[in-house]
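Working notes, structure below.
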Amino acid sequence: MYRTMTQALLARMETVLKDKYDTTVANIATEQPPNLQLGEIASPVAFELAKRLRKAPRAIATELAEELAGMPGVAVVEVAGAGYLNIKLDRAATALRIVADEHADVGGEGLRLVEHTSINPNKAAHVGHLRNAILGDTFARLLRKDAYKSGYPTVVQNYIDNTGVQVADVVVGLLHLEGKTPVQVDELIGGLIARGERVDYFMWDLYARVSQWYDSDPAEKEARKKLRLDTLHELETGGNEVARVADLVATAVLERHLETMERLGIEYDFLPRESEILHLHFWQAARQLMMERGVLYLETAGKNKGCWVMRRPGAEAVTEGEPDEDAKVIVRSNGTVTYVGKDIAYHLWKFGLLPGCDFGYTIFREYATHPCWISTMHGEEKHPHYGQAAAIYNVIDSRQNDPQANVVESLRAMGFTDAAEHYTHVNYEFVALTIRCAEDLGYVLSDEDKLRPYIEVSGRKGFGVKADDLIDRLIAAAKAEVDARHPEDAEELRRDAAEKIAIGALRFFMLKFTRNTLIAFDFRDALSFEGETGPYVQYSAVRAANILRKAGVSMKNALHGIHGVDLAPYFSADAGDSLWAMWLAASRVTTVLEQAIAAAEPAIVARYAFQLAQEFNNFYHRNHVLNEQDEARKKLLLATAAVAHRELERVLGFLGIAVPVSM
RNA sequence: GAACCAGUAGCUCAGCCCGGAUAGAGCAUCUGCCUUCUAAGCAGAGGGUCGCAGGUUCGAGUCCUGCCUGGUUCACCA
């Protein structure tokens with residue numbers, strides 16, 4: 001509703017500026033004044049015009065105010081300060097429109113392809129992966145169609161690097177460090193699954209051990225490195241026993257990752273795997289295209305002699321005939337393709353720019369509402385077509401800024417400027433451990449480590465908080481709290497509440513920081529349920545629901561109860577301001593969504609959810625709804641609780657957080 | 001050496017894109033409030049040279065330049 005009103009005002013201002021001053025202002029600024037006495041919407045536009053029109057800002061604002069007064073929904077327009085234009089809304093009329101859930105739509109045409117999670121399938125997921133998946137999943141929720149908005153067609157992918165060196169490492173661990181035969185590996189993994197033990201946890205330890213083992217014996221070091229490389233090559237080639245073992249491991253670990261993410265309400269549409277990108281020859285098609293378009297060229301001199309290379313983004317022009325020493329190698333002198341090369345091929349596919357190439361598709365998992373497909377060589381006859389995206393969003397941490405920039409640059413250089421412009425690297429700073437947290441987990445830190453601001457999570461060292469461990473701890477903490485507060489509730493209900501609270505706490509924790517803030521993880525902060533947390537917001541929604549329940553009024557009746565009531569008196573004076581603040585906050589959902597989508601910044605939504613909850617708690621303490629003696633005012637208070645509940649639940653929904661029945 | 005990110009209250013962070021009204025929040029500390037729709041809450045207090053120095057501007061936490069500090073990245077590895 002706030003968005004609708006702002007849009008109407010902007011449109012009117014543009015017309016007035018054109019008619020009256022024969023001028024236009026690009027992006028007329030509007031903002032919310034610092035307090036309600038000053039109105040709901042303000043614009044400093046007169047300041048900008050002052051210089052251009054050689055006129056005092058206050059005089060311009062006064063003239064504009066006259067033109068804007070009388071607009072539907074506007075009560076008064078005032079000029080304040082040196083020339084602020086303050087618009088005060090007709091609160092009673094606006095409240096009725098809020099109750100009717102009038103709001104601007106969000107959405108558009110063109111497939112949005114969001115890729116996130118993308119954990120190497122060789123070990124358990126950890127806190128860093130949780131930040132990635134929660135960011136990506138939340139962003140997809142902001143984009144896609146739901147009951148509130150028409151949204152964008154949205155597909156969620158989770159890229160699986162099943163033929164990379166990390167998988168090779170655990171295969172080396174199984175076959176050489178442990179000395180198992182492929183058959184014994186089959187039995188081992190089968191046994192783990194049958195006993196309900198976690199394959200990903202087993203691999204976590206093994207991966208750390210192999211990493212140590214490579215360097216543990218100087219005499220063997222070279223031989224072991226060679227073993228690692230040979231294993232990797234067998235993996236990439238495929239069709240051999242080593243590759244079969246690798247696939248077994250990668251698939252078992254992938255299953256575990258999907259289960260972990262499903263605990264948090266995170267689901268995927270498609271799992272493209274590197275093995276298919278290799279074996280379906282995406283790279284060959286991409287290479288052809290890159291050569292045709294003159295992006296890829298053979299270096300004939302200098303340190304990269306014999307390699308096929310590409311200019312780096314922003315590289316300085318080199319003298320004709322001189323080798324570009326700064327160029328990015330795409331094909332090595334031995335003829336093998338680098339990671340960036342494969343990534344370029346994959347991204348051409350995403351935009352539907354790789355002629356004749358597509359994956360085979362088969363169903364890997366069935367969620368309650370949709371299947372999750374996985375890439376395969378020869379898939380099922382009937383399958384969806386992903387790729388062909390109008391815009392893509394890659395959720396990858398900031399350490400990958402450079403490789404991502406290379407991929408974008410290659411698209412641009414090939415002339416696919418539209419694709420390059422619709423390629424968004426949703427980058428974020430990684431999650432590390434505070435020194436205290438690392439010590440609590442029993443990791444041995446060097447003196448040098450202790451001087452650092454944080455300890456980086458490291459799969460090689462086995463340093464990190466595993467995702468499932470964290471979720472388990474959160475559920476246990478929430479369960480203890482629920483048990484203490486509601487011993488009368490059924491066990492099943494308490495369990496359900498504890499899970500929702502735990503997930504709310506975790507998702508909110510990962511979302512409240514903006515993307516470029518490095519999170520130094522500490523259990524004390526993550527396990528907090530007070531203050532700026534998910535449970536605080538959930539609690540507010542539960543309280544709002546309780547009011548309606550105890551009043552014996554349905555949501556619908558509470559909302560419509562204010563029709564025919566003269567609301568104006570209740571929205572005036574100090575008490576009215578504080579009540580109105582709740583309504584105004586609740587009306588800003590669309591504005592917030594649009595900001596968050598434009599900036600690819602879910603934290604904006606999380607922060608708004610918290611503000612909304614704070615506003616509700618203010619209302620809750622200042623107004624006792626059930627004891628209200630004035631029947632007309634009571635109707636308004638009930639509607640206030642209903643609006644608060646509707647918007648809190650809605651916004652939490654965007655964040656992937658559910659509201660428990662009680663807490 | 002270069003590129004990018006960060007530096008705001010004791011701690012953790014918003015605000016910076018697009019300059020504007022008294023720089024906000026949570027945690028921690030202190031003081032109050034549970035016989036009321038749930039205290040996972042509310043009210044209040046203390047706490048700030050917005051890293052430093054210049055510049056632009058009527059106006060700078062926000063824009064520009066330089067510097068300092070911390071972090072990340074920059075292989076024919078993957």
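Chain A is the first sequence line, chain B the second, and so forth, proteins listed ahead of strands; every chain is numbered from 1.
- Counting atom types as modelled, N304(A) pairs no side-chain N or O with a base atom of rA75(B) as donor and acceptor under 3.5 Å.
- Straight-line distance from the CZ atom of F610(A) to the P atom of rA25(B): 10 Å, rounded to whole Å.
- Taking only side-chain nitrogens and oxygens, N406(A) never comes nearer than 4.0 Å to OP1 or OP2 of rC74(B).
- Atom CD in Q37(A) sits about 14 Å away from atom C1' in rU22(B), given to the nearest Å.
- Checking the phosphate oxygens (OP1, OP2) of rG41(B), no side-chain nitrogen or oxygen of N617(A) falls inside 4.0 Å.
- With P as the reference atom, rG59(B) and rU22(B) are 16 Å apart, rounded to whole Å.
- One can find a donor-acceptor pair under 3.5 Å joining the base of rC76(B) and the side-chain atoms of S333(A).
- In this pair, Y423(A) and H347(A) present their aromatic rings tilted. The plane angle is within the 30 to 60° band.
- Nucleotides rG55(B) and rU62(B), compared at atom P, are 14 Å apart to the nearest Å.
- Comparing the same atom, C1', in rA75(B) and in rA2(B) gives a spacing of 16 Å after rounding to whole Å.
- The residue among A520(A) and F47(A) whose nearest nucleotide of RNA chain B lies closer to the 5′ end is A520(A).
- Considering only heavy atoms from C-beta on, E532(A) comes within 4.5 Å of R607(A) through its side chain.
- At the heavy-atom level, V482(A) lies under 4.0 Å from base atoms of the strands shown.
- Geometrically, K342(A) does not engage F282(A) in a cation-pi contact defined by less than 6.0 Å to the ring centre and at most 45° from the axis.
- Separating the NZ atom of K450(A) from the P atom of rG70(B) is a distance of 21 Å, rounded to the nearest angstrom.
- Side-chain proximity of F430(A) to the nucleotides rC13(B), rU72(B), rC5(B) is greatest for rU72(B).
- Looking at every heavy atom in both residues, D483(A) comes nearest to R494(A) through OD1-NH1, 2.8 Å.
- Looking at heavy-atom distances under 4.0 Å, F513(A) makes contact with sugar-phosphate atoms alone, never a base.
- Heavy atoms of R485(A) sit under 4.0 angstrom from at least one base atom.
- Residue contacts for D343(A): at a heavy-atom cut-off of 4.0 Å it reaches no nucleic acid atom on any strand shown.
- For T533(A) and rG26(B), the shortest distance from a side-chain N or O to OP1 or OP2 is not below 4.0 Å.
- The side chain of D402(A) sits closest to rU73(B) out of rU73(B), rA43(B), rA78(B).
- Between the CG atom of D522(A) and the C1' atom of rA28(B) there is a distance of 14 Å, given to the nearest Å.
- How far CG of N617(A) is from CZ of R622(A): 11.5 Å, rounded to the nearest 0.5 Å.
- rA78(B) atom P lies 14 Å from atom CD1 of I330(A), rounded to whole Å.
- Contact annotation: R436(A) does not reach the phosphate of rU12(B) (side-chain N/O to OP1 or OP2, under 4.0 Å).
- If you check every strand for non-hydrogen atoms under 4.0 Å, V309(A) touches nothing.
- Contacts of N427(A) with the nucleic acid, taken as non-hydrogen atoms under 4.0 Å apart, are absent.
- Residue contacts shown for K634(A) are absent, as no nucleic acid heavy atom lies under 4.0 Å away.
- Atom CD of E236(A) is separated from atom OG1 of T336(A) by 8.0 Å, given to the nearest 0.5 angstrom.
- In this structure, the aromatic ring of H624(A) is positioned over the six-membered ring of the base of rC37(B), centres within 5.5 Å and planes within 30°.
- The OG atom of S333(A) sits 13.5 Å away from atom CH2 of W308(A), with the distance rounded to the nearest 0.5 Å.
- Here the side chain of S398(A) pairs a donor or acceptor atom with the backbone of Y428(A) at under 3.5 angstrom.
- Cation-pi check for R460(A) over Y207(A) is not met; the charged atom does not lie both under 6.0 angstrom from the ring centroid and within 45 degrees of its normal.
- For the pair L38(A) CG and rU22(B) P, the computed distance is 11 Å after rounding to whole Å.
- Between the CG atom in N132(A) and the CD1 atom in I119(A) there is a gap of 7.5 Å [rounded to 0.5 Å].
- Counting any heavy atom pair closer than 4.0 Å across all strands shown, A42(A) reaches a base atom.
- Protein atom OH of Y536(A) is 16 Å distant from nucleotide atom P of rU38(B), rounded to whole Å.
- Contacts of S662(A) with the nucleic acid, taken as non-hydrogen atoms under 4.0 Å apart, include base atoms.
- At the phosphate of rU73(B), neither OP1 nor OP2 sits under 4.0 Å from any side-chain N or O atom of N401(A).
- rA60(B) sits 15 Å from rC52(B) when the P atoms are compared, rounded to a whole Å.
- Figure legend: R543(A) and Y620(A) shown as a cation-pi pair, the cationic atom lying under 6.0 angstrom from the six-membered ring centre and within 45 degrees of its axis.
- Contact between the side-chain N/O atoms of K512(A) and the OP1/OP2 oxygens of rU12(B) is not found at any separation under 4.0 Å.
- Heavy atoms of Q614(A) sit under 4.0 angstrom from primed sugar atoms or phosphate atoms, though from no base atom.
- The same atom, C1', is picked in rG71(B) and in rG51(B); the two are 15 Å apart, to the nearest Å.
- When each of R399(A) and N627(A) is assigned the nucleotide of RNA chain B bearing its nearest heavy atom, the one mapping closer to the 5' terminus is N627(A).
- Taken together, the paired segments of RNA chain B that extend over three or more consecutive Watson-Crick or G-U pairs, each closer than 3.5 Å at both contacts, are B:1-7 with B:68-74, B:10-13 with B:24-27, B:29-33 with B:41-45, B:51-55 with B:63-67.
- Glycosidic conformation at rC5(B) (O4'-C1'-N9-C4 for purines, O4'-C1'-N1-C2 for pyrimidines): anti, more than 90° from 0.
- The separation of rC27(B) from rC16(B), taken at their P atoms, amounts to 23 Å, rounded to a whole angstrom.
- Rounded to a whole angstrom, the distance from the P atom of rC50(B) to that of rU36(B) is 47 Å.
- When distances run from any side-chain atom of L229(A) to the nucleotides rA78(B), rC5(B), rC42(B), the shortest one goes to rA78(B).
- Contacts of N86(A) with the nucleic acid, taken as non-hydrogen atoms under 4.0 Å apart, include base atoms.
- Taking atom CG of residue N623(A) and atom P of nucleotide rC42(B), one finds them 15 Å apart after rounding to whole Å.
- Backbone-only contact: Y454(A) has heavy atoms under 4.0 Å from sugar-phosphate atoms and none from a base.
- Side-chain atoms of R607(A) and base atoms of rA25(B) include no donor and acceptor less than 3.5 Å apart.
- Contacts of F529(A) with the nucleic acid, taken as non-hydrogen atoms under 4.0 Å apart, include base atoms.
- The separation of rG15(B) from rC58(B), taken at their P atoms, amounts to 29 Å, rounded to a whole angstrom.
- Here I501(A) lies in heavy-atom contact (under 4.0 Å) with a base.
- Within the structure, every pair that satisfies the salt bridge (charged side-chain N to carboxylate O under 4.0 Å, His left out) test and touches residues 30-41 of chain A, not counting sequence neighbours, is listed here: E40(A)-R91(A).
- For E481(A), taking side-chain heavy atoms from C-beta onward, the closest of the listed nucleotides rA40(B), rU73(B), rA21(B) is rA40(B).
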